[in-house]
Number of protein chains: 2
Amino acid sequence: MLFHFRNKFPKLNTYWDKYMPFQKRQEIPAKTILLDEGKVSQNYIFIEKGCVRAFFNNNGSEKTVQFFFEDEGLTSFDSFVNNVPSQFTIETIEPSVIYLLPKPYVIQLMNELSQEPDFAQMILQMSAQRQTHYINEFVSFIRDTPEQRYQNLLTERSHIIQRVPQHYIASYLGISTVHLSRIKSKLAKGKLHF
Amino acid sequence: MLFHFRNKFPKLNTYWDKYMPFQKRQEIPAKTILLDEGKVSQNYIFIEKGCVRAFFNNNGSEKTVQFFFEDEGLTSFDSFVNNVPSQFTIETIEPSVIYLLPKPYVIQLMNELSQEPDFAQMILQMSAQRQTHYINEFVSFIRDTPEQRYQNLLTERSHIIQRVPQHYIASYLGISTVHLSRIKSKLAKGKLHF
DNA sequence: CCCAAACGATAACATATGTTATCAAGTTCA
DNA sequence: TGAACTTGATAACATATGTTATCGTTTGGG
């Protein structure tokens with residue numbers, strides 16, 4: 001899904017910058033769909049300002065799987081690479097400023113990159129990073145209770161809690177909105193001192 | 001974690017075969033540890049016969065995260081690529097026959113591979129496949145109940161249920177052994193006709 | 001500025017799931 | 001072969017979590 005090399009491998013920034021002119025800057029309102037579930041991803045998306053979520057529809061209820069913020073790039077990776085329908089919808093949460101780089105340019109960029117001497121090494125590392133991210137998400141469900149996952153969010157990625165509506169977070173944590181509300185009130189009580 | 005290009009990209013088999021002589025064939029008993037949590041992965045593992053699991057230790061209780069069988073290759077990917085301690089222990093479940101390819105040869109193999117014209121494309125595809133696998137595991141926890149996850153295993157990967165001790169499966173599903181037992185007996189009752 | 005929609009808290013009840021303990025049936029290995 | 005270990009089922013109880021409904025607050029757009 002996520003697929004950002006900018007900032008992770010500074011060495012590659014010059015390549016990336018070269019493609020800036022081909023990116024379309026767009027100012028878009030909140031709740032705007034950037035990619036629809038079932039469609040094939042045609043663009044790499046870079047977020048200059050705002051925030052975005054990826055979700056899928058499950059019997060009418062939306063399940064959010066990931067959040068993205070300023071200076072992050074993303075695409076529906078499998079869809080983008082393998083030309084298959086996207087499992088996810090990508091939608092802005094806040095009014096946002098994004099850049100879209102059409103796939104043909106990305107492919108061209110990849111081909112240029114492959115001339116870099118340690119391209120293989122870099123791409124393996126990026127791949128491992130991404131993989132590790134999703135493995136950690138998955139492991140967290142096996143290892144932690146919903147309450148622990150919420151606390152992990154609080155300590156490690158509190159910006160998500162601050163900016164994202166709570167019912168998106170609930171589905172991301174795999175619980176109901178009611179239960180998340182209960183967890184919050186329980187934790188709030190624990191903090192009170194009389 | 002898993003990282004097999006053999007069989008996925010037949011084109012690469014000739015490269016792979018070239019490195020067969022450097023692989024050590026080993027016959028090992030059940031419950032043998034191939035890589036210890038906290039150690040850095042030094043080998044790519046290929047399973048000729050038997051089966052293997054990856055797990056981690058959580059406050060004294062083991063949580064299994066993945067199973068591997070015949071003709072699958074694996075390694076603790078992040079550890080192997082980035083030289084960091086492995087999050088997981090890799091252990092045989094059954095008596096197994098495996099091949100170990102030491103990391104230096106894998107690196108050499110990767111370098112040769114990078115000469116292939118569409119290397120970038122292939123490695124992106126492999127990367128997307130792996131990523132999709134873990135995303136699906138993770139999405140399953142958000143979308144499905146434990147009972148549904150068990151049924152998914154039954155219909156899509158029943159070999160796991162047939163060969164792997166049930167308590168490993170329970171932790172893989174993120175539930176207690178008691179609950180898995182209950183799920184099974186519930187499903188068994190549903191199948192009875194009087 | 002106002003209204004409809006979005007958001008979040010809470011209660012009440014039903015169900016799902018964990019924990020601990022016990023028992024029975026394999027399995028392994030000395 | 002017999003004891004120790006492993007595996008799995010089940011009961012009883014406690015806790016976690018989902019569902020539905022209600023209410024108050026905030027928010028966004030005409």
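Here is the naming used below: chain letters follow the sequence lines, and residue numbers restart at 1 for every chain.
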- prompt: Given atom NZ of A:Lys31 and atom P of C:dA4, what is their separation to the nearest angstrom?
  reply: 18 Å
field: A:Thr92 versus A:Leu34, closest heavy-atom pair with distance
entry: CG2-CD1, 4.3 Å
message: Rounded to whole Å, please give me the gap between CZ in B:Arg149 and P in C:dT17.
response: 9 Å
- prompt: Nearest-Å distance, CG (A:Asp144) to C1' (C:dG18)?
  reply: 16 Å
field: Any residue meeting side-chain hydrogen bond (donor to acceptor under 3.5 Å, both in side chains) with B:Ser79, in chain and number order, not counting sequence neighbours
entry: none
query: What's the CD-C1' distance between A:Glu147 and C:dG18, to the nearest Å?
result: 15 Å
- request: Taking the side chain as every heavy atom from C-beta outward, state whether B:Met126 and B:Arg130 have any atom pair closer than 4.5 Å.
  value: no
task: Tell me which nucleotide among C:dA9, C:dG8, D:dT10 gets nearest to the side chain of B:Ser181.
output: D:dT10
- prompt: Residues two or more places apart in sequence or in another chain: which of them pass side chain to side chain contact (heavy atoms under 4.5 Å, CB included) with A:Asn111?
  reply: A:Ile107
- prompt: Is a donor on one side and an acceptor on the other found under 3.5 Å between the side chain of A:Ser171 and the backbone of A:Thr64?
  reply: yes
message: For B:Phe138 together with A:Phe138, are the ring centres under 6.0 Å from each other?
response: no
- line: Taking D:dT6, D:dG8, C:dG18 as options, the one with an atom nearest any side-chain atom of B:Pro165 is D:dG8
task: Rounded off to whole Å, could you give me the CG-to-C1' distance for the B:Leu180 and D:dA9 pair?
output: 11 Å
- request: Mind calculating the distance between CZ (A:Phe141) and P (C:dT17) to the nearest angstrom?
  value: 14 Å
message: For the residue pair A:Lys63 and A:Tyr172, would you count it as a cation-pi contact if the rule is NZ or CZ under 6.0 angstrom from the ring centre and within 45 degrees of the ring axis?
response: no
task: Could you tell me which residues satisfy side-chain hydrogen bond (donor to acceptor under 3.5 Å, both in side chains) with B:Glu48, sequence neighbours excluded, listed by chain and number?
output: B:Arg25, B:Tyr99
message: Measure NE2/A:His179 against C1'/C:dT10 and give the value in whole Å, please.
response: 15 Å
Phosphate OP1/OP2 of C:dA9: any A:Gln166 side-chain N/O under 4.0 Å: yes
- request: Work out which heavy atom in A:Thr75 is nearest to a heavy atom in A:Ile90; give both atom names and the distance.
  value: C-CD1, 4.4 Å
- prompt: Hey, what bend do you get for the helix from C:dC1-D:dG30 to C:dA30-D:dT1 if you fit axes on five pairs at each end, rounded to 10°?
  reply: 60°
query: Taking it one step at a time, do A:Leu173 and A:Leu153 satisfy side-chain contact (heavy atoms from CB on, under 4.5 Å)?
result: CA-CA 9 Å; A:Leu173 293 174; A:Leu153 265 198; 4.2 Å; yes
- line: Taken to the nearest whole Å, CD/B:Glu94 to P/C:dT27 is 13 Å
message: I'd like to know whether the aromatic ring centres of A:Phe80 and A:Phe77 sit less than 6.0 Å apart in this structure.
response: no
Could you go over nucleotides 27-30 of chain D and give all protein N or O partners under 3.5 Å, atom names and distances?
none

Contact residues, residues 168-178 of chain A to DNA chain C [heavy atom, < 4.0 Å]: A:Val178
field: Side-chain-base donor-acceptor pair under 3.5 Å for B:Arg182 and C:dG18
entry: yes
message: When you measure from the side-chain N and O atoms of B:His167 to the phosphate of D:dT6, is any distance below 4.0 Å, counting only OP1 and OP2?
response: no
message: Whether B:Lys184 contacts D:dA9 is assessed here as follows: a side-chain N or O lying under 4.0 Å from the phosphate OP1 or OP2. Is that the case?
response: yes
- prompt: Do side-chain atoms of B:Arg143 reach the backbone of A:Asn58 as a donor and acceptor pair under 3.5 angstrom?
  reply: no
